[in-house]
Amino acid sequence: MVTILMSLIFTDRRMALKQISSNKCFGGLQKVFEHESVELKCKMKFAVYLPPKAETGKCPALYWLSGLTCTEQNFISKSGYHQAASEHGLVVIFLWQVRNFKQGASDCIWFSKIELTYNFFFFLKSVSAFAPICNPVLCPWGKKAFTGYLGTDQSKWKTYDATHLVKSYPGSQLDILIDQGKDDQFLSDGQLLPDNFIAACTEKKIPVVFRLQEGYDHSYYFIATFIADHIRHHAKYLNA
Amino acid sequence: MDLHSSEDRLQIFPEENNRLRRETVQAEMSHEPMEAGEGQAQRDLQEEVDELVHLYGLEDDHELGDEFVDEDRMGVPMYPPYGMKRREPTREQRDWRLGGEAGAEDQGYTGWGTAAQSQALREAYRYTHGCASEEYECYVIPEEEDEEEAADLFCVTCRTPVRAVEKDFDEHKEHEVTPLNKALESAKVTQAVWGLCPGQSHCGFKGTVGKQSQCCLQRRQRRGALTLSLCCSVGQDEIHKNMYKLEQQIIEMENFASHLEEVFITVEENFGKQEQNFESHYNEILETLAQKYEEKIQALGEKKKEKLEALYGQLVSCGENLDTCKELMETIEEMCHEEKVDFLKDAVAMTDRLGKFLKTKTDVEISAQPDFEDQTLDFSDVEQLMGSMNTIPAPSAPVINPQAPNSATGSSVRVCWSLYADDTVENYQLFYRPVWDNLPGKEQAEFTVTVKETYCSVTNLEPNTQYEFWVIAQNRTGSSPSSERAVYMTAPSAPIIKIEEIRSCEEAVLICWESGNLNPVDSYTVELTQAEAPAASGVTESVVGIPTCESLIQLQPGQSYTICVRALNVGGPSARSAPATVRTTGSYFPLNKATCHPWLTISEDGLTVIRSERKSLTQELPPHQTRFTRCVAVMGNLIPIQGRHYWEVEVDEHLDYTVGVASEDVPKQEDLGANGLSWCMRHTFDSRHKYEFLHNRTTPDIRITVPPKKIGILLDYENSKLSFFNVDIAQHLYTFSCQLHQFVHPCFSLEKPGCLKIRNGISMPMHATFC
């Protein structure tokens with residue numbers, strides 16, 4: 001998976017890769033790279049955690065698609081995934097998204113994320129999410145973003161909407177874990193709409209365990225609390 | 001036999017010598033009566049001559065016959081000429097004119113001197129030496145005459161050595177003659193006759209065919225040396241062979257001698273013992289007799305005294321009477337001389353007195369009989385003692401052994417005892433009776449077995465029961481006292497494994513059983529055989545010394561075991577119980593029927609829990625210690641091992657159910673998950689599926705998009721976790737982090753009519769290991 005990712009970067013993006021930092025962490029290495037994005041015409045960074053096991057053999061990779069106001073530094077310093085990743089021997093790749101969108105960082109992140117989710121449906125064995133925007137077509141953020149990127153044709157929007165995507169999901173085995181803080185203001189604001197996604201999955205019999213975590217908000221404290229569950233969730237499939 | 005014929009042709013015996021010899025013989029014989037018994041005819045001439053040699057050389061020697069052998073052997077060097085003993089009668093006539101008296105007796109036995117003569121001589125000699133004639137039967141005649149001139153030729157025809165000077169004499173004239181040493185050589189080659197059995201040819205010489213075999217046998221034994229001297233060059237191997245034989249014989253004799261010595265000692269001992277025995281008996285009888293004597297003498301003395309006293313008394317009274325009579329007589333006489341007046345006066349008084357006296361009867365019977373009254377003496381005890389003198393004493397009490405370990409079965413014991421070495425026992429009577437601790441006063445029947453051995457296997461006994469044994473030894477004289485009583489115990493009955501209550505997991509099995517015995521046993525042994533182990537197939541491990549009727553046994557995961565149980569007591573182990581098979585794949589638990597809510601039924605295989613349609617929750621049941629009364633639930637009996645346990649439950653996706661774990665003492669009148677002692681997943685269906693993961697009445701808010709039809713439950717003591725899975729899609733549903741301070745058991749509840757199917761004894765799926 002690591003090599004697949006690398007080939008994606010080198011072949012599609014056709015750019016030079018520069019290592020920004022490398023820190024030992026839980027026996028492994030946390031590295032940050034930078035590259036020029038040809039398409040976006042800006043510098044992009046991404047982070048890779050190599051577990052100790054990677055020194056001696058191949059390891060499966062877990063992709064982290066960040067959202068909202070996340071940066072690679074936020075993720076690698078706050079989410080606390082290292083220990084679990086080190087234990088399970090997973091490479092964790094942080095794909096950080098574009099910065100210079102007009103619409104602002106947080107909006108486009110979800111767009112990208114959903115896009116990637118869609119694209120990788122056929123590659124991935126498991127998916128998990130923390131407080132995702134599950135049905136952007138129907139939420140204010142989504143409408144704003146899709147209008148900005150895709151125009152007003154709402155039928156185009158649906159191809160970037162997870163809830164709509166699962167309805168046409170071809171049905172290969174997938175196990176989805178979603179944790180949602182119950183005190184997440186975006187949840188009560190109707191921005192995330194997980195119920196719609198759950199209903200769609202129930203209808204399509206796509207296995208989802210949705211955990212509404214009492215008292216948690218939308219912060220990294222919430223993520224750090226349940227990150228180990230998520231990594232274990234993926235490890236089950238990646239190590240199987 | 002050509003040997004014979006050749007011998008017959010040879011005669012070179014010098015008459016002079018014969019005569020000389022005969023004269024001597026006759027001189028010896030003269031004072032002996034002639035004897036010519038029939039058997040003598042067959043006498044070996046040779047022997048007789050031997051004896052003559054002795055007579056001559058050892059006339060005054062009165063040693064016993066043993067020495068004769070040696071003496072004969074001494075005579076052996078003179079042997080070579082002996083072949084000339086056989087002669088034709090015609091020639092004999094000529095040679096033995098003086099000995100013709102008995103010559104006709106045996107034609108082949110006409111050497112020098114008649115048979116009678118020789119026999120007489122022989123007898124004479126024998127008498128002188130006090131020996132049996134048989135001893136000499138086969139002795140060879142050493143021909144002392146020939147000592148003077150050794151033979152140097154050999155007459156082949158007569159088979160006789162001949163002196164060269166005699167060559168021209170007599171029969172040998174026409175005979176073929178060869179030098180003696182050459183003849184020896186050829187004889188050696190021709191046959192081993194000379195070497196093997198000089199007697200054979202020798203016997204043939206004399207024609208005493210009837211005696212031949214005996215002669216040969218004896219000769220063979222006694223005259224080995226003769227052979228050697230005869231055919232000195234016959235062969236070293238013969239010598240060695242004979243020496244070897246002799247050596248063997250010596251060894252045999254030595255062995256026999258040592259055996260005899262042993263026998264001697266034994267005889268001495270036995271006789272010593274017997275002597276002692278007799279002596280003690282003798283003393284006893286003497287003592288008894290002496291006592292009898294004393295008693296009798298005393299009794300007689302008393303009797304005598306009594307009689308004498310009586311007689312004396314009678315004598316005294318008799319004397320007194322006599323005096324009175326005399327006095328009366330005198331008085332009457334006096335009165336007669338008195339005057340008539342006085343007479344008349346006194347006569348009246350006198351008449352009265354006389355009348356009175358006469359009236360008194362004089363006792364003239366003898367009060368005591370002088371003769372000795374016949375008094376029988378009671379000798380019965382002496383007789384008994386005398387009788388017992390020749391018989392063996394009654395045996396003393398045998399010593400009964402304590403029970404040997406592992407010697408009993410469920411229905412038999414082997415009882416052993418020992419006797420004193422001196423005792424002679426014909427048989428033993430073994431008595432026994434069961435010992436019932438719980439039935440005092442009730443005397444049990446006694447049983448008796450008679451055996452000849454000092455052990456007995458007593459059968460048909462009750463298992464796990466104590467029996468008291470004692471033994472009496474018997475012989476012709478009587479019975480011994482009883483031995484001490486020994487308590488033996490039969491082995492227990494085989495236990496019965498409660499197969500339906502076996503619990504197992506990957507590492508262990510908890511097996512329980514019924515004792516199968518009314519009385520307690522000492523312990524139990526569990527025997528394990530790994531059923532499908534290729535390397536160690538058939539190896540049985542045993543867990544011993546289990547005090548109770550259950551045992552938790554560590555096992556290897558993923559194996560199949562055959563398990564048997566035995567009960568043990570001092571008598572030994574019972575037979576094996578019926579076997580149970582245990583597989584250490586996953587965890588296996590039976591349902592605990594004691595906890596089962598009355599509305600639930602458990603299928604025959606114990607794996608399906610059913611709540612039927614009719615039941616409803618309208619009626620509240622009274623609280624119960626072990627039985628669920630509020631939720632319609634049942635609990636399983638999981639093995640108390642702090643490892644990982646996995647089981648699955650098949651459910652209908654629209655059924656309302658609760659599955660999870662609970663402590664054994666979870667409040668039974670509460671719902672599962674409504675307290676700190678239970679952790680459960682509850683499903684309710686009311687237009688939509690609702691899944692709760694309950695502990696202490698609280699649940700996380702969890703939505704599950706695909707309703708599970710098969711729920712996997714993983715109880716992990718090591719990590720203090722309880723996880724639930726949708727087995728079909730390998731989906732992790734929820735994990736409790738629970739601090740388990742005590743063992744918990746699976747529990748199953750049905751809130752609506754329907755059924756749950758439990759699958760246990762299955763391996764944990766891979767996906768479950770990542771929780």
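Letters go in sequence order (proteins before strands), and every chain restarts at 1. Just so it is clear, the values below take in all heavy atoms, side chains as well, and ignore hydrogens, waters and symmetry mates. The shown structure was predicted, so the numbers you read here are calculated from the model rather than taken from an experiment.
- Of all residues in residues 699-706 of chain B, those placing a non-hydrogen atom less than 4.5 angstrom from a non-hydrogen atom of chain A are B/D701, B/I702, B/R703, B/I704, B/T705, B/V706.
- Counting heavy atoms of neighbouring residues, nucleotides and ligands inside a 6.0 Å radius, atom CD of B/E664 does not exceed 12 of them.
- Note that NE2 of A/H233 is 13.0 Å distant from NE2 of B/H767, once rounded to the nearest 0.5 Å.
- Contacts between A/I178 and chain B at a heavy-atom distance below 4.5 Å are absent for every atom of the residue.
- Enclosure of atom CG in B/D665 by more than 12 non-hydrogen atoms of other residues, nucleotides or ligands within 6.0 angstrom is indicated.
- Residue B/K757 places its NZ atom among 12 or fewer non-hydrogen atoms of other residues, nucleotides or ligands, all under 6.0 Å distant.
- Here the shortest heavy-atom pairing between A/V209 and B/Q731 reads CG2-NE2, 3.4 Å.
- Remark: A/S22 engages A/K31 in a side chain to side chain donor-acceptor pair (under 3.5 Å) (not counting sequence neighbours).
- The number of heavy atoms from other shown groups lying within 6.0 Å of CD (B/E653) is above 12.
- In this structure, CZ in A/R211 is found 11.0 Å from CG in B/L733, a value given to the nearest 0.5 Å.
- In this structure A/E214 satisfies the side chain to side chain donor-acceptor pair (under 3.5 Å) test together with A/K182, sequence neighbours excluded.
- By the side chain to side chain donor-acceptor pair (under 3.5 Å) test, A/Y49 is found to be paired with no residue, residues two or more places apart in sequence or in another chain being considered.
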